[in-house]
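Each chain gets a letter, A, B and so on, in the order its sequence line appears, and its residues count up from 1. Side chains included, hydrogens not; waters and symmetry mates left out as well; all remaining heavy atoms used.
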Amino acid sequence: MAHMTVQEAIDQALAEEMARDPSVLLLGEGVATKRRALVDAFGAERVRNTPLAEGIIAGTAVGAAATGLRPVIDLLFAPFLCYAMDELVNSAGKLRYLSGGQFSFPLVTMAMTGAGWGVGAQHNHNVEAWFAHAPGLKVVMPASVADFKGLLKAAIRDQNPVLFFIDIGLAYTSGDIPDGEHLVPLGQAVVRRPGEAVTLISYAKTVAVCEQAAQTLAGQGISAEVIDLRTLKPLDEASILASVRKTGRAVIVHEASRSGGIGAEVAATIGEHAYDALKAPVLRLAGPDAPAPASYPLEQAFVPQPDAVVAAVKRLLG
Amino acid sequence: MAHMTVQEAIDQALAEEMARDPSVLLLGEGVATKRRALVDAFGAERVRNTPLAEGIIAGTAVGAAATGLRPVIDLLFAPFLCYAMDELVNSAGKLRYLSGGQFSFPLVTMAMTGAGWGVGAQHNHNVEAWFAHAPGLKVVMPASVADFKGLLKAAIRDQNPVLFFIDIGLAYTSGDIPDGEHLVPLGQAVVRRPGEAVTLISYAKTVAVCEQAAQTLAGQGISAEVIDLRTLKPLDEASILASVRKTGRAVIVHEASRSGGIGAEVAATIGEHAYDALKAPVLRLAGPDAPAPASYPLEQAFVPQPDAVVAAVKRLLG
Amino acid sequence: MSVNTYDGRVQDLLQTMLLIRAYEERAAALQAESGVPGTCTSVGQEASAVGVVAALGADDLILTNHRSAGHLLARGADPGRLLAEVMGRRAGYCKGKSGSLHISAKELGVILTSTIVGGELALATGVGLSQKMLKRPGVVVCFFGDGAACEGRFHESLNLAAVWQLPILYVCENNQWQAFVHRRETMLGDSIASWATPYGIDSATVDGNDVEQVRALATEALDSIRASGRPFLLETRTYRLRGHFEPDDQAYVDPDELAAWRARDPLPRLQARLLESGQLDARALSAMESDAQRRIDAAVAFAIDSPYPAIDELVTDVYA
Amino acid sequence: MSVNTYDGRVQDLLQTMLLIRAYEERAAALQAESGVPGTCTSVGQEASAVGVVAALGADDLILTNHRSAGHLLARGADPGRLLAEVMGRRAGYCKGKSGSLHISAKELGVILTSTIVGGELALATGVGLSQKMLKRPGVVVCFFGDGAACEGRFHESLNLAAVWQLPILYVCENNQWQAFVHRRETMLGDSIASWATPYGIDSATVDGNDVEQVRALATEALDSIRASGRPFLLETRTYRLRGHFEPDDQAYVDPDELAAWRARDPLPRLQARLLESGQLDARALSAMESDAQRRIDAAVAFAIDSPYPAIDELVTDVYA
Ligand SMILES: Cc1ncc(C[n+]2csc(CCOP(=O)(O)OP(=O)(O)O)c2C)c(N)n1
Ligand SMILES: Cc1ncc(C[n+]2csc(CCOP(=O)(O)OP(=O)(O)O)c2C)c(N)n1
Ligand SMILES: [Mg+2]
Ligand SMILES: [Mg+2]
């Protein structure tokens with residue numbers, strides 16, 4: 001076990017994959033400045049600062065992926081993905097299909113998002129659900145330091161375009177990572193805490209919110225299972241359904257706006273495939289349908305809190 | 001009553017609103033060529049062909065909306081919205097909030113999408129759910145010729161940015177429009193066919209699919225209610241819930257890909273707020289999580305068909 | 001490897017141009033008569049396509065746009081598989097999933113037809129980066145229109161290619177139209193080549209309706225790219241003689257402008273020159289024409305005979 | 001109307017520059033000492049901001065970027081409300097919802113601070129179009145950085161403004177850095193002004209650290225825009241003397257480059273010139289400095305006293 005921050009875990013994942021596979025390269029505004037050790041280890045050809053132009057960074061990655069390289073691009077903050085939507089969605093996501101399988105697009109797009117820094121809505125917008133609604137893409141959003149490393153390594157090795165979202169609130173937290181080669185397969189949720197009476201389903205920063213709520217609930221004799229989705233597309237429906245079939249109750253928690261968020265897909269899936277097992281309505285706790293405010297207390301209020309999760313569970317059980 | 005095509009209904013809506021309000025103007029690649037009559041009526045200043053650059057078309061509209069104009073922009077096909085995501089989402093949708101309400105952004109963005117022309121996935125991608133998951137925006141997608149006119153007029157008068165999606169499969173169909181001022185308020189679904197045993201919820205082209213299915217079901221003694229959502233954001237939750245509380249069963253049908261589509265939000269809302277009334281799981285019939293193929297039979301297969309709706313209803317009732 | 005490469009013979013250029021013209025006109029006729037899906041034809045632009053592609057080596061790679069049939073055919077695409085793709089048939093280059101608008105053909109080094117205007121510009125830098133980093137010899141040719149030059153990606157792509165010294169030949173096929181908008185409505189100047197200067201990219205403009213001039217300038221440009229490793233922008237001035245997308249009656253086009261450009265149709269021009277100079281006689285020309293028609297007849301027969309993909313193909317090839 | 005307009009007095013320019021410097025340094029200190037949210041300060045760029053804004057009339061409108069405090073203060077923004085906004089307080093220009101990165105102030109004609117780099121370029125054309133179509137007299141000033149010039153929106157915005165003849169003064173504050181990337185890593189040439197030429201837009205470059213030169217050129221540019229109705233691009237060559245965003249130790253900056261530009265700091269330069277020429281004496285300068293500090297002290301007190309918005313403000317102002 002090694003203890004490190006999320007940033008270090010990302011650096012380690014990048015370094016290991018770049019060492020393993022010479023076709024991996026890193027592009028972005030400032031990557032060579034901020035990840036100096038990677039430049040030193042792998043050279044300026046493979047760790048490239050770019051002009052400030054997200055569209056061409058992504059387009060370059062897509063073209064390079066089609067022709068033998070394996071780019072990782074850092075687009076900094078999720079709202080900036082808006083400048084690269086065409087390349088990510090219309091090219092990376094669709095061209096494998098439209099080419100009848102002639103080309104593949106192994107590339108990873110990293111971006112930060114979420115409450116915690118008070119940077120406001122043009123830096124903080126949780127848009128992971130958009131990419132789950134775009135064919136040909138995979139979407140990852142880790143909650144633990146070990147998963148940041150293991151999922152990033154798996155994403156880099158994946159043959160498909162992967163969106164890798166980094167919750168700002170977690171970006172400088174630290175935790176333990178298993179020694180040796182640590183890979184976490186895409187598409188597998190994990191049970192963070194087993195329980196019997198209700199399933200709390202979340203990802204990213206709000207996994208910890210659910211864990212806190214579960215702790216509180218345990219003190220009141222209520223056993224909550226906490227599931228960390230980790231990969232948002234493909235969604236691990238089997239794990240979700242298995243848990244809800246067991247508990248009969250589900251609360252989905254995320255920071256992204258409620259309307260059309262990942263929680264909607266999870267709730268709809270449960271409602272369709274675990275209907276018979278349900279003992280109560282499936283609830284969603286999510287951010288409001290509002291831009292993210294900069295003001296500290298408002299930004300805090302944007303994020304679902306443990307007491308709200310506890311209250312929701314009690315409503316289901318009451 | 002006047003009989004006309006969707007294109008004519010759009011022209012009429014534009015002409016009426018431009019006549020009514022001198023601040024309304026139309027921008028886009030080819031709008032002045034294709035809607036010549038509007039140029040003749042209102043002048044080249046108010047109906048402007050643009051360079052081929054969706055980002056600046058949208059940006060121009062946002063800046064103009066903030067400062068006294070009321071632009072309607074035609075971005076042609078929905079996938080091209082990807083080039084304008086930043087302006088639509090980060091500016092139009094957020095800047096009212098971020099300015100503390102100092103500025104408003106009354107603008108309408110039109111785009112076509114959907115199966116029917118075999119143009120493939122870079123012209124045909126049903127992305128309406130993205131905008132429902134972006135704060136500050138409204139989303140409209142009509143199914144009837146009369147609604148094309150009435151909703152477009154209401155969208156132009158709205159003080160907020162509205163996405164107005166035109167289902168390609170409907171773009172050249174025709175129908176009746178009430179005489180005189182015909183406005184359809186945003187945010188109101190409509191019951192297209194009343195029924196008792198199940199609610200079929202849809203929008204755009206697949207409303208007709210549901211109506212056909214309802215017809216077939218009626219022949220088999222099953223009474224299906226058909227709801228046309230019309231506005232996807234804000235969603236008319238009250239109408240949806242009232243119907244499902246009555247029927248106890250719901251099937252949601254749309255062409256957009258299943259995963260993370262509008263159907264997920266509708267199903268989740270029903271599952272949460274009409275749980276007690278449900279007699280069966282809420283089902284979704286939707287396009288696959290694949291890009292839209294050009295090949296005719298594959299494109300047809302992309303769209304949910306009446307017999308699949310009938311089969312789904314029978315499964316619920318069986 | 002079925003990539004066409006060309007030696008010096010101008011007759012081969014004519015032969016290819018005839019094939020493209022025959023293909024495009026048949027595609028348009030099939031649309032009008034049999035409801036085959038419409039296409040963006042390159043009628044009038046054959047000299048630009050053939051002149052550039054004839055200058056390429058077998059290792060070079062191509063990205064292009066919605067008006068790509070000429071580039072594909074010049075590169076050696078089988079007209080039968082092309083038409084099959086247009087018709088959405090299984091034997092098409094992309095199994096019928098693309099249709100006419102996104103055709104790629106890996107075996108020909110055609111990485112992309114982007115129907116997102118600007119997509120070819122966005123991806124070209126990545127293909128150029130692969131060539132450079134993987135030390136592959138081929139230059140990347142990126143065909144795009146005067147309309148695409150108005151998209152921000154033009155700016156981003158050229159600037160990045162300049163800064164990173166990527167081996168890309170940008171070819172702007174300036175055909176004066178951007179769907180239903182005249183180029184003059186979209187820019188003040190008449191030269192897109194000059195837009196390259198601020199980035200530090202060399203450029204040239206050529207009569208895009210003269211295949212020999214195009215080939216000569218493209219050859220020079222490619223030589224300079226191979227020698228310097230730096231990108232180059234070639235603007236071919238040409239005209240879209242049919243509409244934007246079939247069918248299109250072009251009612252919005254100034255008839256005088258159209259007539260003036262018809263008079264400069266690259267095919268009669270080349271034919272006249274070759275007949276005059278004795279490089280071609282009428283019999284040989286007519287044999288070439290019938291050969292082109294025969295190939296297209298066969299292509300149509302092949303495409304029509306080719307089955308549609310099975311319905312389960314709807315969800316294959318989405319993920320690797 | 002609290003818009004600042006300036007007559008010819010150079011002392012007023014200095015006074016405003018001192019206010020901006022005092023504000024920025026206090027904002028940085030508050031971040032370091034009290035955990036107030038970090039900002040992108042404009043330290044070193046005061047002459048560019050003040051020189052341009054001093055050339056404006058009351059009707060002119062402003063769009064700017066993340067480094068906007070100088071533009072706002074020069075235009076007459078209340079430092080207290082500005083700081084309140086940075087701190088997310090209710091009395092801020094945007095009720096605390098924006099924070100430092102998206103401040104607009106309708107009463108000052110500041111339509112937008114875009115923290116999406118390029119957003120100011122995208123919206124400027126629309127504001128210009130409103131001015132033109134509604135026949136309002138004001139020119140639109142769009143401040144952006146050398147980094148923003150690399151975004152495709154630069155190309156799209158300038159081209160459209162040229163074609164539609166929009167009354168926009170584009171001001172590129174070329175401060176040599178784009179967050180953690182040096183400008184030289186992002187373009188081959190050194191002149192962004194010259195990037196305007198292909199669009200048919202006139203441009204000029206000015207020493208951005210000399211407020212009088214900036215004001216003179218901005219005045220000329222504005223005159224030409226008012227006379228011709230056409231856009232203009234002014235490049236101000238300057239330097240970001242503090243880091244990109246507080247805190248930033250600038251460890252990645254070449255110390256020689258930084259030292260060379262520190263030697264050209266616009267404040268001491270102007271002060272020395274005015275002292276030398278007798279337009280200012282030491283006592284007056286020190287009074288101006290204390291005045292600036294006093295205003296900032298008051299601003300800090302005001303901002304800190306100002307309450308946070310109520311929690312129900314989280315979901316107000318989303319829709320009109
Ligand atoms: C991003 C985008 N916007 C708009 C369109 C619609 N469209 C297709 S082709 C075309 C005109 C393209 O003009 P140009 O680049 O000059 O190529 P040409 O058709 O003249 O060969 C337009 C507007 C598109 N396909 N993609
Ligand atoms: C679209 C977008 N990409 C990236 C960023 C992150 N970012 C903020 S400021 C900045 C540098 C901007 O450089 P420049 O335009 O020169 O302005 P300066 O900061 O130098 O004043 C970057 C990369 C952003 N805010 N928006
Ligand atoms: Mg063209
Ligand atoms: Mg800069």
Side-chain angles (χ1 to χ4, degrees), chain A residues 22-23 25 27 43 45-46 48-71 73 83-107 135-138 158-162 186-187 233-234, chain C residues 61 63 85 90 92-99 101-107 109-116 118-134 136 140 142 151-153 155-164 166 309 313-320:
Chain A
S23 66
L25 74 165
L27 313 177
E45 285 274 299
R46 290 179 64 195
R48 289 172 177 253
N49 278 348
T50 61
L52 211 172
E54 290 72 15
I56 201 65
I57 298 171
T60 301
V62 177
T67 51
L69 296 177
R70 206 169 262 278
I73 60 176
Y83 272 163
M85 281 305 274
D86 172 63
E87 287 72 15
L88 297 174
V89 170
N90 290 323
S91 290
K94 296 176 184 172
L95 287 177
R96 180 180 164 75
Y97 184 81
L98 290 173
S99 74
Q102 292 178 84
F103 294 95
S104 295
F105 298 89
L107 68 101
L137 303 178
K138 297 186 176 181
D158 202 277
Q159 277 301 103
N160 301 286
V162 180
L186 304 194
K233 185 153 182 197
Chain C
L61 301 176
L63 295 92
E85 188 58 47
R90 196 159 70 192
Y93 275 98
C94 306
K95 303 182 186 167
K97 293 179 177 185
S98 155
L101 289 171
H102 331 71
I103 301 180
S104 56
K106 199 171 188 173
E107 63 200 85
V110 179
I111 309 295
L112 174 68
T113 289
S114 181
T115 187
I116 296 291
E120 62 291 351
L121 288 160
L123 269 61
T125 42
V127 181
L129 186 63
S130 284
Q131 295 300 90
K132 180 172 175 146
M133 290 187 63
L134 300 174
R136 290 189 297 227
V140 178
C142 177
E151 291 279 5
R153 287 306 177 273
H155 177 73
E156 299 179 3
S157 182
L158 268 76
N159 188 46
L160 187 70
V163 173
W164 285 2
L166 302 177
E313 284 280 319
L314 178 59
V315 292
T316 59
D317 297 323
V318 181
Y319 290 96

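Residue with the most contacts toward chain C among A61(A), A64(A), P161(A): A64(A) (heavy-atom pairs, distance under 4.5 Å). The residue among G126(C), G96(C), S157(C), G119(C) with the most heavy atom pairs within less than 4.5 Å of chain A is G126(C). Residue with the most contacts toward chain A among A105(C), G92(C), G118(C): A105(C) (heavy-atom pairs, distance under 4.5 Å). Note: E156(C) leads E156(C), E313(C), K132(C) in heavy-atom pairs under 4.5 Å with chain A. Interface summary for chain C: among T67(A), D158(A), L137(A), V62(A), the most heavy-atom pairs under 4.5 angstrom belong to T67(A). The greatest number of non-hydrogen atom pairs below 4.5 Å with chain C, out of R48(A), R46(A), E87(A), is found for R48(A).
Contact annotation: the side chain of V110(C) never approaches that of Y93(C) to less than 4.5 Å [non-hydrogen atoms, C-beta and beyond]. Two residues are said to be in side-chain contact when any heavy atoms from C-beta on lie closer than 4.5 Å; F103(A) and S104(C) meet this criterion. Taking 4.5 Å as the limit, some side-chain heavy atom of S130(C) sits within range of a side-chain heavy atom of R136(C). Residues P309(C) and K95(C) have side chains not in contact (no heavy-atom distance under 4.5 Å, counting atoms from C-beta outward).
Using a 4.5 Å cut-off between heavy atoms, L314(C) touches chain A through backbone and side chain atoms alike. Neither the backbone nor the side chain of S23(A) comes within contact range of chain C; no heavy atoms are under 4.5 Å apart. The parts of L69(A) that come within reach of chain C are both its backbone and its side chain, each placing non-hydrogen atoms under 4.5 angstrom from that chain. Of the atoms belonging to E45(A), heavy atoms from both backbone and side chain fall under 4.5 Å from chain C. Using a 4.5 Å cut-off between heavy atoms, L52(A) makes no contact with chain C at all. Neither the backbone nor the side chain of V163(C) comes within contact range of chain A; no heavy atoms are under 4.5 Å apart. Heavy atoms of L129(C) lying under 4.5 Å from chain A belong to its backbone as well as its side chain. For a residue to count as touching a neighbouring chain, one of its non-hydrogen atoms must lie under 4.5 Å from one of that chain's; by this rule L25(A) touches chain C with the side chain only.
Side chain of T113(C) to main chain of L101(C): no donor-acceptor pair is present (N/O by atom type, distance under 3.5 Å, no hydrogens or angles).
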Q | Stepwise side-chain contact (heavy atoms from CB on, under 4.5 Å) check, I111(C) with L123(C) | A | CA-CA 9 Å; I111(C) 309 295; L123(C) 269 61; 5.9 Å; no
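Put simply, CG on L98(A) and CG on N90(A) are 9.5 Å apart, with the number rounded to the nearest 0.5 Å. Atoms CZ and OG1, on R96(A) and T316(C) in that order, are 9.0 Å from each other to the nearest 0.5 Å.
Every residue was checked against the side-chain hydrogen bond (donor to acceptor under 3.5 Å, both in side chains) condition with S99(A), not counting sequence neighbours, and none meets it.
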